[in-house]
Q: 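Pasting a structure below so you can have a look.
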2 protein chains.
Amino acid sequence: MIKLVIIGSGNVAQHLIQAFAKSKEIKVSQVFSRQKETIIPLLDSSKITTNFNDLIEADIYIIAVSDDAISKVSSQLPFENRLVVHTSGSVPIESLDNKNKRGIFYPLQTFTKGKDVDFSLIPICLESENDSDFDLLEKVAKTISNNVFKSNEKQRKALHISAVFVNNFVNEMYRIGNEICEENKVPFEILKPLILETVNKVMTLSPKEAQTGPAKRNDMQTIEAHLDFLSNKNHATIYKILTQSIQNNGKEL
Amino acid sequence: MIKLVIIGSGNVAQHLIQAFAKSKEIKVSQVFSRQKETIIPLLDSSKITTNFNDLIEADIYIIAVSDDAISKVSSQLPFENRLVVHTSGSVPIESLDNKNKRGIFYPLQTFTKGKDVDFSLIPICLESENDSDFDLLEKVAKTISNNVFKSNEKQRKALHISAVFVNNFVNEMYRIGNEICEENKVPFEILKPLILETVNKVMTLSPKEAQTGPAKRNDMQTIEAHLDFLSNKNHATIYKILTQSIQNNGKEL
């Protein structure tokens, strides 16, 4: 049985606790959480601590806190030479205090409070300072996910930035589409089949092959009519920039 | 039996021919196509004409050609006072020659050659110059789709522009994500579970509620690290503008 301690109480920590609860080879021995009440529904309360000095011995300590708290939390750990990993896509491995053996356990997904996710589909990117720690990290990751990758810092950062484009920025396109619908009194629901088909296409075609529309066709008449229609300056600016980007087809502006 | 003539041979025309072929109340009596060979696999070749003067009588003529050809095609029709509709999201109803009764039959979807779509899920927006023609249009649309809407020109334009955001621009985010992955030698495949979850979220949450990430959190440290990482100027420009848009949360720039 591999023993884990999870430090944190946010979305990532909560989803990890739930995912490991289903694994037979892994035991979440303890969770450190300043907000004890958010963890109580997920774990026996005797296993929750709010004091670093009460941390018990474990095979891996997973720090799942906000990016800017990772470094401080890692220095507060009252032990040395154990395996300590964090779950962030953008924080370097060196931000972890070097009194412990360091690693990365980065699940690439958008977690929403209260919304279940199928962890087996979630890619997990792993890094370890010492090669000898990698096998253990991999073993642990593979008990919850079928998509485990060895990454290096550059690859992990690239994935994190790409994730911003395909998740946050895609969602911003949905928000603007919704806003245009509201302004013109049409239900956003009408767009949902198109939203689904857009994603379906990119599951089998490359995004370049999947592209259609006025920018791709260089249909200046429609583009100008759209810009005329868009009274919201933010919408118009984004429309222009993304139209240009499609027209340039990957060449730099 | 309602008789249709479809004019055009592109993606929309082809998908409409296939959709109506399954309807018992509708008969595609004829297709006008300059590229006869693209239609032959879909329809008995005796029903295909390349000559406007050979067009037969029908209840509705559906012009499914490129936006800039709609007006010219409608003037070339050798008859008057029949119901003629086009399938474009952005061309005004007035672009159709007024010698005929005019209408709009706009299916809101991205059509890909050779890729089947379930037409029953595709929203169809309808408009008619004369109220008396609307019922017939609606009857025809409802035989192939469960999502039929009465729109006006402003609503249709708004939907068309929103479609550019949630389809073309979303796909451009995928293209850039793919490009960043390629540049850093990570498989784009790793992002697909995140891409799917992003869409799943917006099926039940509003895009505003669904948003996460550094821009939403106002995490300037991560944003600056990402901008440092993005050596491609096009990516950096888009990153900045969309980060601002998320931070402003719908307020104009």
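Residue numbers start from 1 in every chain, and the chains themselves are labelled A, B, ... in the order their sequence lines are given, proteins ahead of strands.
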Q: Which residue out of B:L191, B:L196, B:N11, B:I122 racks up the most heavy-atom pairs below 4.5 Å with chain A?
A: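 That would be B:L191.
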
Q: Measuring from B:S151:OG to A:K185:NZ, what's the distance to the nearest 0.5 Å?
A: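 Taking OG in B:S151 and NZ in A:K185, the distance rounds to 15.5 Å.
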
Q: Is there a donor-acceptor pair under 3.5 Å between the side chain of B:N171 and the backbone N or O of A:P207?
A: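 The answer is yes, because a donor-acceptor pair under 3.5 Å joins these two groups.
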
Q: If you round to the nearest 0.5 Å, how far is NZ of B:K154 from CG of A:N184?
A: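 Those atoms lie 4.5 Å apart.
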
Q: Evaluate B:I241 against A:T237 for side-chain contact (heavy atoms from CB on, under 4.5 Å), listing each step before the verdict.
A: CA-CA 8 Å; B:I241 297 256; A:T237 304; 3.9 Å; yes

Q: For chain B, which candidate among A:Q109, A:R156, A:Q221 shows the most heavy-atom pairs at distances under 4.5 Å?
A: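 Of the candidates given, the most pairs with chain B belong to A:Q109.
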
Q: Taking every non-hydrogen pair under 4.5 Å, which of A:E197, A:K216, A:Q211 racks up the most with chain B?
A: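 If we count pairs closer than 4.5 Å to chain B, A:Q211 comes out on top.
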
Q: Give, as side chain, backbone, both or neither, the part of A:Y239 having an atom under 4.5 angstrom from any heavy atom of chain B.
A: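 Its backbone and side chain both get close to chain B.
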
Q: Chain B: which of A:L121, A:V164, A:N147 shares the most heavy-atom pairs with it under 4.5 Å?
A: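 When all of A:L121, A:V164, A:N147 are compared, A:V164 has the most.
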
Q: Of the backbone (N, CA, C, O) and the side chain (C-beta and beyond), which part of A:D67 lies under 4.5 Å from a heavy atom of chain B, both, or neither?
A: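 For A:D67, the contact with chain B is made by the side chain alone.
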
Q: What part of A:V117 lies closer than 4.5 angstrom to a heavy atom of chain B: side chain, backbone, both or neither?
A: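 Contact with chain B: side chain only.
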
Q: With a 4.5 angstrom heavy-atom cut-off, could you sort out which part of A:V170 is near chain B: side chain, backbone, both or neither?
A: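 For A:V170, heavy atoms of backbone and side chain both lie under 4.5 Å from chain B.
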
Q: Side chain, backbone, both or neither: which part of B:T212 has a heavy atom under 4.5 Å from chain A?
A: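 B:T212 touches chain A through backbone and side-chain heavy atoms alike.
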
Q: Which region of B:N178, side chain (C-beta onward) or backbone (N, CA, C, O), has a non-hydrogen atom less than 4.5 Å from a non-hydrogen atom of chain A, or is it both or neither?
A: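 Just its side chain gets close to chain A.
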
Q: To the nearest 0.5 angstrom, please state how far the CD1 atom of B:I190 sits from the CG atom of A:L159.
A: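 Separation between the atoms: 5.0 Å.
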
Q: What part of A:T243 gets within 4.5 angstrom of chain B, counting heavy atoms only: side chain, backbone, both, or neither?
A: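 Both the backbone and the side chain of A:T243 come within 4.5 Å of chain B.
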
Q: What residue in B:V91, B:V166, B:D68 has the most heavy-atom pairs under 4.5 Å with chain A?
A: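 Option with the top pair count is B:V166.
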
Q: Sort A:F149 into side chain, backbone, both or neither according to what part of it lies under 4.5 angstrom from a heavy atom of chain B.
A: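 Side chain only.
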
Q: Quick one: which of B:E189, B:E183, B:R217, B:K201 has the most heavy-atom pairs under 4.5 Å with chain A, could you say?
A: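 Top option by heavy-atom pairs under 4.5 Å: B:K201.
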
Q: Looking only at atom types and distance, does a side-chain atom of B:K208 sit under 3.5 Å from a main-chain N or O of A:R175, one as donor and one as acceptor?
A: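 Absent.
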
Q: Using side-chain contact (heavy atoms from CB on, under 4.5 Å), reason through A:L242 and B:M173 one step at a time and then give a plain yes or no.
A: CA-CA 9 Å; A:L242 295 180; B:M173 297 301 107; 3.5 Å; yes

Q: Which atoms of B:I176 come close to chain A, meaning under 4.5 Å heavy atom to heavy atom: side chain ones, backbone ones, both, or neither?
A: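 When you check distances to chain A, only side chain atoms of B:I176 fall under 4.5 Å.
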
Q: Could you have a look at B:K157, B:E209, B:M203, B:H160 and say which one has the most heavy-atom pairs with chain A under 4.5 angstrom?
A: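 That would be B:M203.
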
Q: Would you mind checking which part of B:A215 comes under 4.5 Å of any heavy atom in chain A, side chain (CB onward), backbone (N, CA, C, O), both or neither?
A: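 Interface part for B:A215: neither.
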
Q: Specify the closest pair of heavy atoms between A:T110 and B:L194, including all atoms of both residues, with the distance to one decimal.
A: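 Between these two residues, the closest heavy atoms are N-CD1, 3.4 Å.
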
Q: Under 6.0 Å from the NZ atom of B:K192, do we count more than 12 heavy atoms belonging to anything else shown?
A: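 Buried by this count: over 12 neighbours within 6.0 Å.
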
Q: Let me confirm one number: the CD-CZ distance from A:E172 to B:F165, rounded to the nearest 0.5 Å.
A: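 Output value for this atom pair is 9.5 Å.
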
Q: For chain B, which candidate among A:T198, A:N167, A:I195, A:N168 shows the most heavy-atom pairs at distances under 4.5 Å?
A: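 Among A:T198, A:N167, A:I195, A:N168, the one with the most close pairs to chain B is A:N168.
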
Q: What part of A:T222 is in contact with chain B, defined as an atom under 4.5 angstrom from a non-hydrogen atom: side chain, backbone, both or neither?
A: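 Just its side chain gets close to chain B.
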
Q: Might you point out which heavy atoms bring A:F229 and B:I161 nearest each other, and give the distance in Å?
A: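 What the structure gives for the nearest pair is CD2-CD1, 3.3 Å.
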
Q: By a 4.5 Å heavy-atom criterion (distance strictly below it), what part of B:D219 contacts chain A: side chain, backbone, both, or neither?
A: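 Just the side chain, heavy atoms under 4.5 Å.
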
Q: If I measure from the heavy atoms of chain A, does B:V202 come under 4.5 Å with its side chain, its backbone, both, or neither?
A: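 Its backbone and side chain both get close to chain A.
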
